[in-house]
Amino acid sequence: MAIFINEPSHTFNEYLLIPGYSSSECIPANVSLKTPLVRYKKGETPAITMNIPMVSAIMQSVSGDRLAVALATEGGVSFIYGSQSVEDEAAMVKRAKSYKAGFVKSDSNVTPDATMADVVALKEKTGHSTVAVTEDGTADGKLLGIVTGRDYRVSRMDPQTKVKEFMTPFDKLIWAKEGTTLKEANDIIWDNKLNSLPIISDEGKLLYFVFRKDYDTHKQNPNELLDTHKRYVVGAGINTRDYAERVPALVEAGADVLCIDSSEGFSEWQKLTLEWIRERYGDKVKVGAGNVVDAEGFRFLADCGADFIKVGIGGGSICITRETKGIGRGQATALIEVCKARDEYFEETGIYVPVCSDGGIVYDHHITLALAMGADFVMLGRYFARFDESPTNKVNIGGTYYKEYWGEGSARARNWQRYDLGGDKKLSFEEGVDSYVPYAGALKDNVALSLSKVKSTMCNCGALSIPELQQKAKLTLVSATSIVEGGAHDVIQKEKTTSIK
């Protein structure tokens, strides 16, 4: 006979945190949001620790290389979507990894006989204003000069003007030899008031650029999440079908952590994928798995060697899995059970496997609730899809700007691998929708606001770290009536208008 769980499963909106004692030290400036991304043994340090508890969903409409850079700048990790060719995903990872490596290979290069129009077109394509002029127009050709925005004026010059006529020639450049350290390069930049410094081989070939803005960016973003080579930490999605081709390509591209992208993770397919990775790479390649909604699913994937485990089925804003298939569980209930299993597993084995809460986040305070319930970090789709850095188009509908947002199980994405149960290579029916979300601007500003709310609430609970929050948190279920009570009610609200002075 079937097993019946008669206790209803609950969502985040059905819980509130009860404030605890707050000492004078409990101020947001003292709160640390550092959290482990991958498994570790008791007494050891995790191979990857994030500075904020936020990762982006493995979705076409969310996680491209631009968002990967923006989120790593704030201290989190983006998982570049895997529902594309192996080559395209690896290229996205490479672009994100090379965006800030201290020593940067030039991606904007022309010959001396190119025109100003070519330079302008290249700038529009790459977004970079520093263009190297090399003998053969390649990134590692003999350096003959540099073009920046100060060398030409579109409104005053003939578009067909040759680059050699307005570039800054090599004999007027300040440059450094191969072998110069990053510190030495930055000292040269500062001493000579440069924006960029070319690094040249003994043969005069361009090797790298070191940019002033990279140094400035690091100082302005103390939470940046960087690897040992000062490159951004970047994640990437894989599936349980083509991992033999995809994993080596992503590892070669520099991905720091992988994650199996699947709607349901309690399966032999994920076990086989994890076993294949462990046989070939041991513990060097970090890979998360999921999704699960109970203790049994967690323990299965933990025993299979998953480095973190995602919790949540059917709770995403564009997910209709519960409607179409009748499977899933309220996100809060699922998370509480899995995190309890995570703690028991740690006590038994001495191995801590981080838990990622994936889905169900509607309001910023739901992030705090997820952390209090035991999550080490949250995975967000709709949240990040709203920002400038997501890969989708910004559209104007009725005078209001929106960003496109679609599920991986929608007809638009057709990510059949995510829902694969060993059948035909197709999406038999939709488990996601195609939609719009209100445009919200830059990632940086919004993440800062959301996390300021998280830190403030943690202080109300007397906690200065995520583990302390999980230890001290008191949560209460709320009734439907008290949910109404929690918002503005029984008043006529004034329209929110902005006065211009």
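With rounding to the nearest 0.5 Å, the separation of OH in Tyr281 from CH2 in Trp276 is 5.0 Å. Taken to the nearest 0.5 Å, the CG atom of Leu17 stands 6.5 Å off from the CG atom of Leu469. The line from CG of Leu477 to OH of Tyr15 is 4.0 Å long, rounded to the nearest 0.5 Å. Atom CG of residue Leu274 and atom CG of residue Leu258 lie 10.5 Å apart, to the nearest 0.5 angstrom. Met54 CE to Phe384 CZ: the interatomic distance, rounded to the nearest 0.5 Å, is 4.0 Å. Residue Leu369 holds its CG atom at 7.5 Å from CG of Leu16, rounded to the nearest 0.5 Å.
When side chains are defined from C-beta on, Tyr439 does not count as touching Tyr402, because their heavy atoms never get closer than 4.5 Å. Between Asp65 and Lys97, the closest side-chain pair of non-hydrogen atoms is not below 4.5 Å. Within the 4.5 Å cutoff, side-chain heavy atoms of Tyr436 are placed close to those of Ile397. With a 4.5 Å cut-off on side-chain heavy atoms, Ile52 and Val447 count as touching. Tyr383 is not listed as a side-chain neighbour of Val378, based on a closest heavy-atom distance of 4.5 Å or more. In this structure, Val311 and Asn291 have side chains that are not in contact, with every pair of non-hydrogen atoms separated by 4.5 Å or more. Side-chain contact between Tyr363 and Phe12 is absent, with no heavy-atom pair separated by less than 4.5 Å. Between Tyr243 and Ile277, the closest side-chain pair of non-hydrogen atoms is not below 4.5 Å.
Remark: Glu268 CD is loosely packed, at most 12 non-hydrogen atoms of other residues, nucleotides or ligands lying under 6.0 Å away. Environment of NZ in Lys394: crowded, with over 12 heavy atoms of neighbouring residues, nucleotides or ligands closer than 6.0 Å. Atom NZ of Lys105 has more than 12 neighbouring heavy atoms from other residues, nucleotides or ligands inside a 6.0 Å radius. More than 12 heavy atoms of other residues, nucleotides or ligands shown are found within 6.0 angstrom of CD on Glu275.
Checking side-chain atoms of Thr73 against main-chain N and O of Val69 turns up a donor-acceptor pair under 3.5 Å. In this structure, the side chain of Asn221 does not engage the main chain of Glu224 through any donor-acceptor pair within 3.5 Å. The backbone N or O of Ala442 sits less than 3.5 Å from a side-chain atom of Asn446, completing a donor-acceptor pair. Side chain of Ser450 to backbone of Asp364: no donor-acceptor contact under 3.5 angstrom is found. Under a 3.5 Å cut-off, the side chain of Arg39 and the backbone N or O of Ala302 do form a donor-acceptor pair. Proximity of a side-chain donor or acceptor of Arg329 to a complementary backbone N or O of His10 within less than 3.5 Å is not detected. Panel note: side chain Arg382, backbone Val362; a donor-acceptor pair is recorded below 3.5 Å. Between the side chain of Glu74 and the main chain of Lys444, no donor-acceptor pair closer than 3.5 Å is present. Thr35 places a side-chain N or O within 3.5 Å of a backbone atom of Asp376 that can act as its donor or acceptor partner. Between the side chain of Gln270 and the main chain of Gly290, a donor-acceptor pair closer than 3.5 Å is present.
Of all heavy-atom pairs between Leu371 and Val454, the closest is CD1-CG1, 4.2 Å. Listed here is the closest heavy atom pair of Ser357 and Gln331: OG-NE2, 3.0 Å. What you find for Met458 and Leu464 is that their closest heavy atoms are CE-C, 4.3 Å. When all heavy atoms of Asn51 and Lys34 are compared, the pair lying nearest together is OD1-NZ, 2.6 Å. Across Ala295 and Val338, no two heavy atoms sit closer than the pair N-CG2, 4.5 Å. Considering every non-hydrogen atom in both Tyr405 and Met59, the closest pair reads CE1-CE, 3.5 Å.
For the residue pair Ser56 / Ser78, a side-chain donor-acceptor distance below 3.5 Å is found, with atom types taken as modelled. Lys403 and Ser390 share a side-chain donor-acceptor pair at under 3.5 Å.
Applying the salt bridge (Lys or Arg N to Asp or Glu O under 4.0 Å) rule to pairs touching residues 291-308 yields Arg278-Asp307, Arg299-Glu348, sequence neighbours excluded.
Between Arg95 and Asp107 there is no salt bridge, since none of the side-chain N atoms of the basic residue sits less than 4.0 Å from a carboxylate O of the acidic one.
Using the six-membered ring where Trp is involved, Tyr352 and Phe346 have ring planes that are perpendicular, over 60° apart on the 30 and 60° scheme.
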